[in-house]
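Every chain is numbered from 1, with letters handed out A, B, ... down the list of sequences.
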2 protein chains.
Amino acid sequence: MPIVSTTNGPRRVTIDDVARLTGVSRQTVSRAINDKPQIDSATKQRILTAAKELGYRPSRFARGMVRQSTTTLGLVIADVLNPFFPEVVAGVLEAADARGWHVVIYTTASELSKEREVAETVVDHVDACVAFMLDSAAITRVAGSGMPFVLLGNEDRPTQLSTVRIDFDSGIRQAFDHLVAKGHRNIAMIDDRDRAKSGAPDIRSGLFTAVAAEYGLRIEPHWRQPSSNSIQGGAAAMERLLETAPEVTAVVSYNDMIAIGAMRHARARGLAVPGDRAFVGFDGLALGELVDPPLTTLHIDKRRLGQAAVEQAAAQMPGGGGMADTLIRTQLVVRDST
Amino acid sequence: MPIVSTTNGPRRVTIDDVARLTGVSRQTVSRAINDKPQIDSATKQRILTAAKELGYRPSRFARGMVRQSTTTLGLVIADVLNPFFPEVVAGVLEAADARGWHVVIYTTASELSKEREVAETVVDHVDACVAFMLDSAAITRVAGSGMPFVLLGNEDRPTQLSTVRIDFDSGIRQAFDHLVAKGHRNIAMIDDRDRAKSGAPDIRSGLFTAVAAEYGLRIEPHWRQPSSNSIQGGAAAMERLLETAPEVTAVVSYNDMIAIGAMRHARARGLAVPGDRAFVGFDGLALGELVDPPLTTLHIDKRRLGQAAVEQAAAQMPGGGGMADTLIRTQLVVRDST
DNA sequence: CTGAAAGCGCTAACAC
DNA sequence: GTGTTAGCGCTTTCAG
């Protein structure tokens with residue numbers, strides 16, 4: 001019994017253990033494991049059996065070191081349960097798969113502290129990163145690590161990073177054009193609370209006010225309600241709107257989830273949609289055409305967003321084209337909520 | 001000019017490159033990079049600057065080799081766009097995060113060949129795997145690799161693997177109880193086509209027939225329609241049902257997506273729901289309460305499914321409890337579609 | 001067909 | 001504070 005014993009848990013079983021047990025050299029084991037041609041099939045069998053018995057598993061790291069490594073992409077999103085993200089993820093997965101990249105997924109719940117934590121983890125564990133992030137420190141941490149980095153959906157932040165952003169400006173204009181044509185004059189907005197919290201300048205709210213002014217529309221401060229990013233949040237915000245701003249006849253929301261919550265709440269309160277209140281969402285979720293009434297929305301191609309992000313990450317790898325930006329345009333999809 | 005030049009692309013910049021440039025030892029660079037205490041802060045700055053300039057990034061693999069490695073979980077699902085999976089993913093992410101595990105996500109589109117391909121990739125790149133898989137070869141490949149493996153949602157396959165499965169048996173009984181109590185006698189089922197394709201014995205269809213028999217209900221073969229796993233698929237299956245089996249008054253579907261497609265199609269055809277046709281789904285997606293009419297469904301705790309899977313994978317790691325199984329019970333949620 | 005030597009890029013342990 | 005010496009576990013030469 002040795003005086004000192006490593007406490008590293010049950011020590012990893014290595015290729016040498018298998019070699020020892022089988023009485024062959026390490027290389028021969030390697031050949032067997034990797035299915036190389038030059039090996040006697042009997043020896044191979046013997047080795048494979050021994051390996052299985054010992055529970056031998058090659059070390060990813062040792063292999064990665066010696067082989068030309070696979071590239072792993074970190075994908076940072078707020079929350080898989082928000083239906084916006086799965087579509088982006090699908091695009092990322094597709095584009096990553098096409099390049100033979102692996103993708104590790106991290107969620108932040110849009111919490112700034114969690115974003116920082118994820119940033120810390122990411123820099124150590126992936127080769128490139130595409131991220132929905134709001135926190136400056138987190139963004140700086142990842143971008144500053146030197147790895148290819150693409151910032152997603154953060155329209156508020158002026159930056160010299162590679163980004164994929166959504167053209168809110170033209171989106172809001174499309175919404176106003178549509179609503180004004182329908183005769184609305186008192187238009188409210190339900191915005192995302194989390195963006196405001198991030199401390200970044202809120203371009204969207206400003207945009208909303210500016211565009212309203214362009215159209216010569218009145219716009220009261222309390223016509224802009226913040227909301228958590230969910231159906232419940234939208235409903236709560238709508239409740240506030242109903243109480244404090246009954247004169248409003250149309251509301252445009254930060255996204256479809258919020259819009260759906262707001263719309264349902266209006267209905268639950270006995271209001272007709274679009275008769276008493278009209279609603280326009282933002283995102284163009286599949287969900288929007290399933291609800292009642294189907295939601296008018298500013299559709300964005302979320303899948304393409306994901307693909308573009310991966311392409312831009314790839315462009316930052318040695319030999320790529322370098323930094324790039326993509327602006328995703330919105331498309332107004334008129335359904336029955338307006 | 002050398003006669004031979006390595007074509008390995010732009011050779012990786014290593015810690016030694018930084019050391020050379022800075023005129024210090026490799027170790028000192030390491031200290032600077034890893035923010036270790038015993039280093040002169042001036043030297044540190046100099047090194048960090050040089051590192052950034054060279055674009056130096058530590059190798060994940062070399063680090064992983066020398067440090068005690070992080071564990072990476074492979075998560076194999078069919079498709080992120082199917083709202084069933086994001087909920088599972090959320091559970092997996094949550095449980096994995098709690099253990100400090102990273103999760104790499106792979107999708108198969110339920111295609112058997114893709115499953116095999118993913119299996120091949122997975123065994124080389126992760127330390128444990130939880131997977132929705134139908135293909136025997138793929139399952140065997142991963143399970144046989146010796147890594148902790150948990151098979152998900154594959155109720156049809158008798159197996160001695162660690163699994164998390166859904167209690168379809170009691171689910172179908174709950175559906176029948178409910179439907180029969182509502183006076184239905186001619187009950188159809190829309191099943192998932194992909195499961196049938198997998199060649200595994202289809203327990204669910206058998207179950208459906210068996211339970212119908214128990215209730216003394218007539219059941220025609222064409223009352224069981226296969227469907228692709230989507231709203232469109234459900235609609236198409238419903239169309240067939242309407243044409244070939246007008247006597248059916250209630251339909252239970254393999255999942256909510258299919259049920260929603262079927263229900264909407266019935267409505268589009270001018271039928272009243274639940275008046276003319278009743279619908280019960282399976283899964284309990286959030287979506288189900290948003291559609292019109294809200295869908296009666298057999299709810300399953302998908303998040304817990306994901307968590308359970310991770311726990312079972314952990315149990316298979318050295319020092320864990322070993323193999324385990326979880327059976328997830330369904331809960332009937334009655335809404336307005338019945 | 002098999003083995004021996006070398007080294008992937010890094011950090012831990014110990015010198016200085 | 002900093003450098004030196006050893007490996008981590010594997011695959012890739014290259015010899016036999």
Taking 4.0 angstrom as the limit, do A:Asp127 and B:Arg60 come out as a salt bridge? yes
Per the side chain to side chain contact (heavy atoms under 4.5 Å, CB included) rule, which among B:Val150, B:Val130, B:Leu151 passes with B:Ser162? B:Val150
[N] phosphate, OP1 or OP2, under 4.0 Å from [X] side-chain N/O:
X       : N      : value
B:Thr14 : C:dG9  : no
A:Ser59 : D:dC10 : no
B:Thr43 : D:dG1  : no

Restricting both atoms to N or O, compile the protein contacts to nucleotides 12-14 of chain C shorter than 3.5 Å, with distance only.
residue	atom	partner	partner atom	Å
C:dA12	N6	B:Gln27	NE2	2.3

If you take atom types as modelled and just measure distance, does the side chain of B:Arg63 reach the base of C:dT11 with a donor-acceptor pair under 3.5 Å? no
Report yes if a donor N or O on one partner sits less than 3.5 Å from an acceptor N or O on the other, where the partners are the side chain of A:Arg26 and the base of D:dT11; otherwise report no. yes
Rounded distance (Å) that lies between atom [atom2] of [N] and atom [atom1] of [X]:
X       : N      : atom1 : atom2 : result
A:Ile47 : C:dC1  : CD1   : P     : 13 Å
A:Gln38 : C:dG3  : CD    : P     : 13 Å
B:Asp40 : D:dG3  : CG    : P     : 11 Å
A:Ile39 : D:dT12 : CD1   : C1'   : 16 Å
A:Asn34 : D:dC10 : CG    : C1'   : 9 Å
B:Arg46 : D:dG1  : CZ    : P     : 15 Å
B:Phe61 : C:dT11 : CZ    : P     : 15 Å
B:Met65 : D:dG7  : CE    : P     : 13 Å

Return the minimal non-hydrogen interatomic distance between A:Ser145 and A:Val142, and the atom names on each side. OG-O, 2.7 Å
Which atom pair, heavy atoms only, marks the closest approach of B:Thr70 to A:His125? OG1-CE1, 2.9 Å
For B:Thr22, does its backbone N or O pair with a side-chain atom of B:Arg46 as donor and acceptor, under 3.5 Å? yes
A:Asp325 and A:Thr163: side-chain donor and acceptor closer than 3.5 Å? yes
